[in-house]
Amino acid sequence: MTRDYSQLFPDAAPTPRPLSTLRQLGWQPFFAAQTSIDEMAAHPPVRVVAQHRSGMEATGEAITATLPPQAEATVGDWLLFDRDDPARSRLLDRRSLFQRRAPGTTREHQRIAANVDTAFIVSSCNADFNIARLERYVSLVFEAEVEAVILLTKADLADADGFVADAAAISERVLVLALDARGTEPAVTLAPWCSPGRTLAFLGSSGVGKSTLVNALSGKPVMATGGIREDDAKGRHTTSHRALHILPGGFCVLDTPGMRELQMFGTEAGIAGVFEDIEALAAACRFNDCAHETEPGCAVRAALAQGEIDAPRLARWQKLKREDAFNSATLSERRAQGKAFGKMVRRVIREKRER
Ligand SMILES: Nc1nc2c(ncn2[C@@H]2O[C@H](COP(=O)(O)OP(=O)(O)OP(=O)(O)O)[C@@H](O)[C@H]2O)c(=O)[nH]1
Ligand SMILES: [Zn+2]
């Protein structure tokens, strides 16, 4: 009798387990820990994939749900769907949140995107490259408590080394990669971030290659790239209103119009994360409200005189702080500042133009 030893050996070609829809949509242990099997059976998890004026579109395992425009939830959020009364669906705690100032004069935040795991800040190895703009994006991503990675595209058209070195000096917590956004390079270079269940976002100015990157990761066109869009007289977003795309690799890309217009607003923690050294110095100034100009006992100016910090970087920090303070003040606060306010407006507007 011949014995069958085959079971003692690992399968030569194990059949990969198909990914569940929930996993592909970004369901992670962090969310599972907030519920139970029983609750999930009664109220299936759904993720908001699109936000329309009439309500939110959410998807789960074999379920497409429509939720009323619920103030609390935004694209990327997970809810436990209540079929009988969708408005009572339970919103799960988020891992991260991008916000901006709500339109109007209030100080309220508007939620833009939830549960992004990694934000790729995209710039190109050309005239688009601008340290101040990158610092601005990194501050916003830090504020959202999302992992930031800087991607420098068009590395095929220029020597990327100088750009990479400059971007790497922004923060030790941000990895910088240079690549050609077209072809197979993105899938290889970005593989560590593209595992199933992860949610990615791409931020950056127009034309830097965000759509090209997403299409390269997808292996097929998901988003219209510059050339295609220019031919389309109807403008942006003609292909799909969905903000959350599942790519063939089982990970998601979150792309909402709101993410393209991120602004400094309540971004103190994010700015402090990028300018840790300067903020530590500022905390040591004699006066709490030191403007680091002519005040005695200014630790920031002392460090500048010693050559410990760099003058252009200090200027960029002050400018970001001003922009954040300006955007965060209410209209009445701005008015109350009177003349000083007028001066500030002119300065911020001038600085905006230079950006
Ligand atoms: N040579 C080269 N061309 C690139 C690269 N990345 C993008 N491009 C080209 O640059 C143009 C703009 O790229 P898009 O992907 O549309 O840029 P985008 O960031 O999505 O722009 P918006 O959609 O306007 O925000 C396209 O013609 C791309 O083919 C790159 O790494 N190398
Ligand atoms: Zn000072």
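Heads up: numbering here begins at 1 and tracks the sequence. One-based numbering, in listed order, for ligands and for the atoms of each.
Ordered by chain and number, C285 SG, C290 SG, H292 ND1, C298 SG make up the set of protein N, O or S atoms under 2.8 Å of the Zn ion (ligand 2).
Of all non-hydrogen atoms in W27 and P45, the two that sit nearest each other are CZ3-CB, 3.5 Å. Between V208 and T153, the closest heavy-atom pair is O-OG1, 2.6 Å.
Residues R94 and E145 are not paired through a salt bridge, judged by the lack of any N-O separation under 4.0 Å between the basic side chain and the carboxylate. With salt bridges taken as basic N to acidic carboxylate O contacts below 4.0 Å, one links R182 and D156. A salt bridge does not link R47 to D77: none of the charged side-chain nitrogens sits closer than 4.0 Å to a carboxylate oxygen. The existence of a salt bridge linking R173 and E147 is excluded, since no basic side-chain nitrogen approaches an acidic carboxylate oxygen closer than 4.0 Å. Checked for salt-bridge contact, D324 and R136 miss the test: no charged N lies under 4.0 Å from a carboxylate O.
At a heavy-atom distance under 4.0 Å, no atom of V122 approaches ligand 1. At a heavy-atom cutoff of 4.0 Å, ligand 1 is contacted by the backbone of S205 but not by its side chain.
For ligand 1, the atoms closer than 4.0 angstrom to any heavy atom of D156 are 1 (N), 2 (C), 30 (C), 31 (O), 32 (N). The distance from ligand 1 to the heavy atoms of D180 drops below 4.0 Å at these ligand atoms: 30 (C), 31 (O), 32 (N). Those atoms of ligand 1 with a heavy atom of S211 less than 4.0 angstrom away are 15 (O), 18 (P), 20 (O), 23 (O). Under a 4.0 Å criterion applied to the non-hydrogen atoms of G209, ligand 1 contributes the atoms 6 (N), 7 (C), 13 (O), 14 (P), 15 (O), 17 (O), 18 (P), 19 (O). Those atoms of ligand 1 with a heavy atom of L157 less than 4.0 angstrom away are 1 (N).
For a threshold of 3.5 Å applied to N or O pairs, the pair formed by A181 and ligand 1 contains at least one separation below that value. Inclusion of K210 in the set of residues having an N or O under 3.5 Å from an N or O of ligand 1 is warranted.
Between G207 and ligand 1 there is a heavy-atom distance shorter than 4.0 Å.
Under a 3.5 Å cut-off, the side chain of E185 and the backbone N or O of D180 do form a donor-acceptor pair. A distance-only check finds no donor-acceptor pair linking the side chain of E308 to the backbone of A303 [under 3.5 Å].
Side-chain atoms of S89 and D82 include no donor-acceptor pair closer than 3.5 Å.
Nearest to atom 28 (C) of ligand 1 by heavy atom, out of L213, D255, D128, T212, is T212.
Residue pairs meeting the side-chain hydrogen bond (donor to acceptor under 3.5 Å, both in side chains) criterion with at least one member in residues 281-295: none, sequence neighbours excluded.
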